[in-house]
Amino acid sequence: MKRLLLFIFISLIEQLVLAQTIQVSAPRQVKAGENFRVAFTISTQDVNGFKIGTIPNGLELITGPYTSMQSSVQNINGKVSSSSSVTYTYTLYAAKNGSYTISPSTATLSGKTIHSKPVPIVVSGTSTRNSGAPNMHNDYDEEATPRRTAGKVTDKDLFIRVSADKNTVYEQQPILLTYKVYTLLDLTQLEGKMPELTGFHTQEIPLPQQKSFHVERVNGKNYRCVTWSQYVMFPQVTGKLEIPSITYNGTLVQRIDNLDPMEAFLNGGANYTEIKKAIKAPSLSITVLPLPNKPANFSGGVGSFTISSSLDKKVVKSGDAVVLRVIVNGVGNLKLLKQPVFDLPKDFDKYDPKIIDKTIVTSRGVEGQMIYEYILVPRNQGNYTIGAIPFVYYDTAAKNYKTIQTTPLNIKVEKGAESRSRMESFDGEKLTDIQGIRKGHISDFQSEQPFWASPLFYTLHGLVLLIFVITFLFLRKQQINSLDVLGQKHKRASKEAAKRLKKARTLLQKEDSNAFYDEVLKALWEYVGNKLNMPIEMLTRDNIIEKLSSLGVNENAISLFIKALDECEYARFAPGDKKGNMTKTYEYASDAIVNIDHAISNKESNSTALKAILLFFGLQLFALSFVDMKVQAASFSESRIESIKDSADTNYQKGIYTQAIKEYQELLKAGESATLHYNLANAYYKTNNIALAVLNYERALRLSPNDKGIRANLQFVNSKLVDNFVPESQAPLVSFYYSVINAVTTTGWAILSLVALCLFVATFLIYRYVSSLKFQKISFTIAMLSVVLFILSNLFAYQQQRKLSEHNEAIVMSSKAEVFKTPNNSAKTEITLHEGTKVKIVDSDIKNWFEVSLPDGRSGWIKASLLERI
């Protein structure tokens, strides 16, 4: 194990060092008296500074550095890749024999200094041509050594030849056009561009950025020669067509004889200088012959081709889609072909094809295949045959027209759930084999959030628990109050006082003064004692006044109560109308009791109302604290988002998919959305970027895991992937467990959790406060089952949500990705994956590497740069 870790560590260090090394090109051995070049290449143009190492005595710097930059962009099957580099070239002179070493050179790259390897140079022997300019070391042929003598540069020293592999061709027949540079001088740079040509469809053949010279003999002289550029051209019109001349701008190194001292000083002491030279590539004429009598069903193809067809399934239900794939393979003008034309049975609907370009440009022309994928939808059941698809092209080798065709295909259509065509399911779009994009306003593409673990989820559960607590406390208080004698007295005080006053009124009518006053006094003292929960020994006028004032009873009611007491005490002894005194006493007593009872009841009601208001506002603040922040998420205004969304949808409908992709990506910066990822995936699919289409469908599915449209499109795109794994089988118990979890959505489990909580609250309260033993047993059982259901619902919702929120799954973004046994490029390859395949990341601890698990259970290591996490 230690050896393996050490091996991995050393390999990583080697890769890191190689990635930061300046590549050096220099001869190992030169002769004394020769000039030679040393070139330093860095695989990026983002270099802030370059400094050559120390040049030892015995070697002399003549000129340099000459800086040249190279960059290339390739578009293969819709995948764009680019590379760039910068080269610093120095010319040195070997003054005397010996072994020398140029110390490491340095460059600053993104704020970091990188170093080259030391450059060893062995100088041995003596150049045989020491008169005139120093000899130039050349690895090819000493006879082709670049000349650096002074004098005017002529067209014989440097020129460009243009050649075509055919000067007479048929219309649409490919022509290979080659530009070759011949030089006797030290050419360091050349710039030129092919103009737009009238009457030709032109494609450039990718050539290496680093040019390699060889020797060719022209008019008795050896020239250093390089193929500078090549083009494949397809003539679109007949007649004599002209390829115009091109002027290139070259940079040369030339020796200066009889150098003026001041010029030598300004030139750094060297007697060499750079000069510019315009080099004119000659024009060329091409004769284009018309194709002989073109057949009516001519495809426009000129070259050599084959054709084949296939169906993705041979048994289908009516109303379901089936894909017919037609492949034209060969070499010729593949990009200019007409779509294959064929007839279908009358019960079939056909959509316009999706065209997949899998061609490359070579010296023979355009090679590869054009794939046409048609969506067919059968309307009725039955056995059908899709006839042979003809393809007529002009064979340039045989010089005649040839007709080839596919093999007829049989398809069985079974009865479907719906008899109508599924054409409507494509949202009215007949240009796609996937369900269409989703249009609409802002509400249509705001982020879809699951109910479980959402602010609303916690708010509702908290509200149920709060209601439970309030109800529990209320019922408990009721229970306590039923056992509270003083509390019962407090509630019965008004009723008892009313009874005594009613009896006193009867005595008033009978004019029985003594019994009347005794009854009124008993009503007053019993009322205040029971109402205020005061023992008899504490019932004094001062205590009663103080207690009533603390309860918020107004002074008028208190005064009436005291007057009623005084009237009872003194009225019986007062002279005058006894009945009138009794009536006044009765009114004082009844008014006092009514006012006191009203004042105390109002205070209790106000206290209850205040608590209810505080509870209401508390719940409001609790809910507001969880307000969904997605309303604030937009750095865009609502109208701005709608405008971009409408523009993206419109561009998609018009087939301007590249612009639609940019706009959907801009919208996603304002917030995640399943709808936007879905639309973006559709746009990527239309541009044949399968990997990014799968990636965005997967991201959409995470945000909206139960969306059938997303799942349908993802399944359709996955059917086109190269890799087709059989998933690893699971144990029956594990399969059953996950089937139970997936039987209900995350939101469904969350709702079930809320129902279980409500059921528990209700049954627990019944169990706690219902006296019937039978109801207690039933409610206790249901309460316990509710607890189990509550726990399982949240567990299953958590399992689903965790699976959706994990970021340990990734998509292969490269057209080809090797999975190794160990994290090392030299390790054994376990399997080769292709774009769009989904893998699971199980280890990401090693820099630049991921250990992945495949759907079939196999695992291995893959470069992190080839994957993108979902």
Side-chain angles (χ1 to χ4, degrees), residues 14 17-43 47-68 85-109 112-142 144-149 185-189 210 213 251-257 259 261 263-274:
E14 286 180 354
V17 170
L18 286 174
Q20 297 180 344
T21 299
I22 303 170
Q23 301 298 317
V24 183
S25 175
R28 294 186 177 182
Q29 185 172 354
V30 297
K31 294 181 179 180
E34 279 189 338
N35 292 343
F36 62 93
R37 281 188 296 270
V38 180
F40 301 88
T41 302
I42 306 171
S43 58
V47 180
N48 297 325
F50 178 82
K51 184 178 180 181
I52 193 172
T54 304
I55 299 175
N57 293 330
L59 302 179
E60 298 177 7
L61 177 63
I62 298 177
T63 59
Y66 302 115
T67 305
S68 62
S85 64
V86 60
T87 301
Y88 301 91
T89 304
Y90 295 83
T91 301
L92 285 80
Y93 172 71
K96 57 183 179 180
N97 291 335
S99 296
Y100 305 99
T101 301
I102 302 173
S103 64
S105 301
T106 60
T108 303
L109 180 64
K112 183 180 179 181
T113 301
I114 59 175
H115 304 269
S116 71
K117 294 180 180 179
V119 183
I121 302 292
V122 176
V123 181
S124 62
T126 303
S127 174
T128 57
R129 297 187 297 182
N130 274 332
S131 59
N135 292 332
M136 186 70 192
H137 175 82
N138 189 283
D139 294 331
Y140 301 106
D141 192 326
E142 289 197 8
T145 301
R147 177 172 59 82
R148 290 182 174 233
T149 56
L185 306 173
D186 192 0
L187 178 67
T188 60
Q189 192 171 351
Q210 295 287 349
F213 284 86
T251 302
L252 305 135
V253 175
Q254 188 177 33
R255 177 177 175 176
I256 304 174
D257 294 329
L259 188 65
E263 290 184 11
F265 175 78
L266 294 175
N267 198 36
N271 61 338
Y272 292 88
T273 186
E274 285 187 350

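Given the structure is predicted, the values throughout are model-derived calculations rather than measurements. These values consider heavy atoms only, across backbone and side chains, with no hydrogens, waters or symmetry-generated copies. Heads up: numbering here begins at 1 and tracks the sequence.
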Point to revise | side-chain contact (heavy atoms from CB on, under 4.5 Å), paired with Ile22, selected from Pro104, Ser116, Ser43 | key: Ser116

Exercise for review: Examine distances only and state if a side-chain atom of Ser25 and a backbone atom of Ala39 form a donor-acceptor pair shorter than 3.5 Å.
Suggested key: no

Practice item. Kindly say whether Gly53 contributes a backbone atom to a donor-acceptor pair with the side chain of Ser105 at under 3.5 angstrom? Key: yes

Looking only at heavy atoms, what is the nearest atom pair of [X] and [Y], with distance?
| X | Y | result |
| --- | --- | --- |
| Ala26 | Val119 | CB-CG1, 3.8 Å |
| Thr106 | His115 | CG2-ND1, 3.2 Å |
| Lys31 | Val123 | C-CG1, 4.0 Å |
| Val30 | Ala94 | CG2-CB, 3.8 Å |
| Ala95 | Ala32 | O-CB, 4.4 Å |
| Ile121 | Pro27 | CD1-O, 3.0 Å |

Distance from [X] atom [atom1] to [Y] atom [atom2], nearest 0.5 Å?
| X | Y | atom1 | atom2 | result |
| --- | --- | --- | --- | --- |
| Leu187 | Phe213 | CG | CZ | 5.5 Å |
| Thr101 | Lys117 | OG1 | NZ | 14.0 Å |
| Leu61 | Ile55 | CG | CD1 | 4.5 Å |

Review point. Relative to the ring of Phe50, is the ring of Phe40 parallel (under 30°), tilted (30 to 60°) or perpendicular (over 60°)?
Key: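 Geometry flag for Phe50 against Phe40: tilted rings.
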
Review point. Between Phe36 and Leu59, does a side chain to side chain contact (heavy atoms under 4.5 Å, CB included) hold up when you go through it step by step?
Key: CA-CA 10 Å; Phe36 62 93; Leu59 302 179; 4.1 Å; yes

Practice item. Kindly indicate whether the side chain of Ile42, heavy atoms from C-beta on, has any atom under 4.5 Å from the side chain of Tyr88. Key: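 The answer is yes, as the side chains (C-beta and beyond) meet within the 4.5 Å cut-off.
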
Point to revise | Step-by-step side chain to side chain contact (heavy atoms under 4.5 Å, CB included) determination, Ile102 to Leu92 | key: CA-CA 11 Å; Ile102 302 173; Leu92 285 80; 4.0 Å; yes

Practice item. Assess the side chains of Thr87 and Thr41: does a donor N or O sit below 3.5 Å from an acceptor N or O? Key: yes

